[in-house]
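Here is the structure we will look at, set down as structure tokens.
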Amino acid sequence: MNRLKIKYAVAYGFLATTAVALIASLFTGCHVYEHEEVEIIRCPVIEADTIDIPGWDKEIATPEF
């Protein structure tokens with residue numbers, strides 16, 4: 001009689017665990033898809049290989065000692 005109660009307890013425990021797992025999978029199985037647009041802002045590009053800075057080539061008078 002005691003073994004029969006243990007078998008029923010194990011069987012009901014297995015069924016309860018299976019039922020809980022199925023119910024939990026119903027809630028975790030839903031996947032809400034969200035789409036988000038991202039704007040890509042690129043850095044400005046300087047297309048010249050040389051830059052002309054006015055007054056850069058002027059010689060600075062150095063004092064002679």
Side-chain angles (χ1 to χ4, degrees):
M1 187 75 172
N2 200 8
R3 284 187 177 177
L4 188 60
K5 287 183 180 180
I6 292 173
K7 286 182 182 179
Y8 282 135
V10 170
Y12 285 133
F14 178 74
L15 287 175
T17 304
T18 306
V20 168
L22 287 174
I23 292 170
S25 70
L26 290 175
F27 292 109
T28 59
C30 297
H31 177 68
V32 178
Y33 179 74
E34 293 181 11
H35 181 74
E36 194 171 313
E37 290 283 330
V38 177
E39 182 181 355
I40 299 173
I41 301 173
R42 305 230 182 250
C43 296
V45 178
I46 298 175
E47 304 229 354
D49 57 348
T50 57
I51 299 174
D52 185 26
I53 300 174
W56 183 263
D57 294 335
K58 288 184 184 177
E59 290 187 27
I60 300 173
T62 57
E64 295 180 18
F65 293 108

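Since this is a predicted model, take the numbers as computed values, not measurements. Only heavy atoms go into these numbers, but all of them, side chains included; no hydrogens, no water, no symmetry mates. Along the sequence shown, residues are numbered consecutively beginning with 1.
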With sequence neighbours left out, write down each residue that passes side-chain hydrogen bond (donor to acceptor under 3.5 Å, both in side chains) with E39, or none if nothing qualifies. none
Apart from I6 itself, what residues make up its hydrophobic cluster, given side-chain heavy atom links below 4.5 Å? V10
Just to verify, what does F14 make a side chain to side chain contact (heavy atoms under 4.5 Å, CB included) with, not counting sequence neighbours? T18
Are L4 and Y12 grouped together when hydrophobic residues (ILVMFWY) are joined by side-chain heavy atoms under 4.5 angstrom apart? yes
